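This one's a predicted model, so the numbers in the text were calculated from it and none came from an experiment.
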Amino acid sequence: TATFPAIVQLSTTEPAAVIGFVANVQRWFYDIAPNSGGLPIVAYGNATPNPGGDPPLTLTLEQLDFSTGQPVPSRVMGDSPQLLDAFPFLYANERYVIGGIDAGPVGGVYREDENGQFSIEVMRLESSGSGLVTPSRFASAEPFEYGGKAYTAYQLSESEPPATYGEIWFTSVFDRTVSRRISGADQRYRVDPEFFIGTNSVWVLYKARGNPIQQWQLRRADTGL
């Protein structure tokens with residue numbers, strides 16, 4: 001049975017966070033740290049509203065501290081580069097974020113510095129051999145640890161939003177030992193890769209469909225781990 005909080009904390013930023021398209025993805029740090037009061041910290045993208053259409057693909061990352069009363073956001077990543085679908089994660093007691101650099105086909109991993117800013121570029125994740133005409137929009141990268149190493153799956157899409165053909169890729173993080181496409185070569189819409197650690201293998205589950213009006217199918221890809 002789900003338990004819901006008695007009080008909902010409402011957070012706003014300047015400029016206001018955009019609800020819709022790519023700017024409203026919330027990700028969580030669940031570590032216990034001095035500046036979080038032992039409570040989770042949420043990080044999310046922020047973009048300037050565009051009344052004429054979709055918000056621009058220029059996202060910053062912000063951090064909320066829920067330890068005292070009304071949370072006050074503090075920006076933890078600068079204006080350059082911009083990370084699409086930034087995902088915070090912990091590895092070897094260090095904080096990182098991973099996301100698509102400037103909404104393009106290349107992912108970036110950034111480490112938190114002594115001032116709480118994600119300013120230290122650790123590596124870039126590039127895909128070689130994509131079957132897309134114009135691969136772009138590196139997104140949905142959620143790192144996980146297996147056998148003492150970090151890995152992630154992510155999606156690439158054709159550059160024109162909103163509904164475009166896509167691919168699912170699998171890569172190691174912090175080294176370049178693994179990088180390969182794990183989805184098929186046919187033109188399908190593919191999104192939202194999630195890892196699943198089984199008894200003897202690690203799988204990636206993702207959604208796929210042949211065209212925008214078909215029902216989504218759940219697909220499974222073997223990572224080879």
Side-chain angles (χ1 to χ4, degrees), residues 13-28 42-63 73 75-89 96-112 117-143 151-171 173 176 179-183 187-194 204 206-209 212:
T13 62
E14 289 294 335
V18 178
I19 302 301
F21 202 33
V22 297
N24 67 331
V25 181
Q26 297 84 34
R27 309 293 195 185
W28 293 89
V42 64
Y44 60 93
N46 184 29
T48 303
N50 178 10
D54 289 329
L57 294 178
T58 52
L59 304 183
T60 57
L61 191 69
E62 306 218 354
Q63 182 167 281
R75 182 163 292 166
V76 295
M77 196 163 191
D79 293 331
S80 180
Q82 301 288 310
L83 287 190
L84 171 64
D85 198 12
F87 196 102
F89 67 102
Y96 299 87
V97 290
I98 183 173
I101 296 175
D102 296 327
V106 177
V109 180
Y110 293 83
R111 187 172 73 242
E112 187 181 40
Q117 299 292 303
F118 291 92
S119 64
I120 304 170
E121 184 177 297
V122 177
M123 71 177 302
R124 295 195 172 194
L125 303 171
E126 301 187 49
S127 308
S128 177
S130 172
L132 300 175
V133 176
T134 310
S136 190
R137 299 167 62 79
F138 178 111
S140 200
E142 182 178 347
Y151 301 90
T152 192
Y154 61 91
Q155 68 186 56
L156 291 181
S157 303
E158 293 286 8
S159 59
E160 293 300 322
T164 56
Y165 295 132
E167 298 173 335
I168 306 298
W169 286 73
F170 176 68
T171 185
V173 182
R176 305 184 189 279
S179 178
R180 60 177 176 269
R181 185 176 61 192
I182 57 174
S183 62
Q187 291 184 321
R188 300 188 70 86
Y189 299 79
R190 298 179 177 92
V191 295
D192 298 339
E194 296 281 347
V204 170
Y206 63 92
K207 295 188 297 185
R209 62 184 178 183

TODO: Answer whether the closest heavy-atom distance between the side chains of Leu83 and Phe118 falls below 4.5 Å.
DONE: no

Open item on the list: Is any side-chain heavy atom of Tyr189 closer than 4.5 Å to one of Tyr165?
Closed with: yes

Rounded at 0.5 Å granularity, tell me how far [atom1] in [X] sits from [atom2] in [Y].
X: Leu125; Y: Trp169; atom1: CG; atom2: CH2; result: 11.5 Å
X: Glu142; Y: Phe87; atom1: CD; atom2: CZ; result: 3.5 Å
X: Gln155; Y: Glu167; atom1: CD; atom2: CD; result: 11.0 Å
X: Thr152; Y: Ile98; atom1: OG1; atom2: CD1; result: 4.5 Å
X: Leu156; Y: Ile168; atom1: CG; atom2: CD1; result: 8.5 Å
X: Glu194; Y: Lys207; atom1: CD; atom2: NZ; result: 10.0 Å

Locate the shortest heavy-atom distance separating [X] from [Y]; write the atom from each residue and the value.
X: Met123; Y: Val173; answer: SD-C, 4.1 Å
X: Ala153; Y: Pro193; answer: CB-CB, 3.9 Å
X: Pro143; Y: Phe89; answer: CG-CD2, 3.6 Å
X: Val97; Y: Met77; answer: CG2-SD, 4.2 Å
X: Thr164; Y: Ser157; answer: OG1-CB, 3.4 Å
X: Phe138; Y: Gly99; answer: CD2-C, 3.7 Å

TODO: Could you tell me which residues satisfy side-chain hydrogen bond (donor to acceptor under 3.5 Å, both in side chains) with Arg188, sequence neighbours excluded, listed by chain and number?
DONE: none

Open item on the list: Looking only at side-chain N and O atoms, does Ser127 offer a donor or acceptor that is under 3.5 Å from a partner on Tyr154?
Closed with: yes

TODO: List for me each residue that meets salt bridge (Lys or Arg N to Asp or Glu O under 4.0 Å) alongside Arg124, sequence neighbours excluded, and say none if there are none.
DONE: Glu121

Check for a donor-acceptor pair, side chain of [X] on one end and backbone N or O of [Y] on the other, with a separation under 3.5 Å.
X: Ser136; Y: Ser159; answer: no
X: Arg190; Y: Gly166; answer: yes
X: Asp102; Y: Pro81; answer: no

TODO: Taking ring-ring contact (aromatic ring centres under 6.0 Å, His included) as the test, write out the residues that go with Phe170, two or more places apart.
DONE: Tyr151

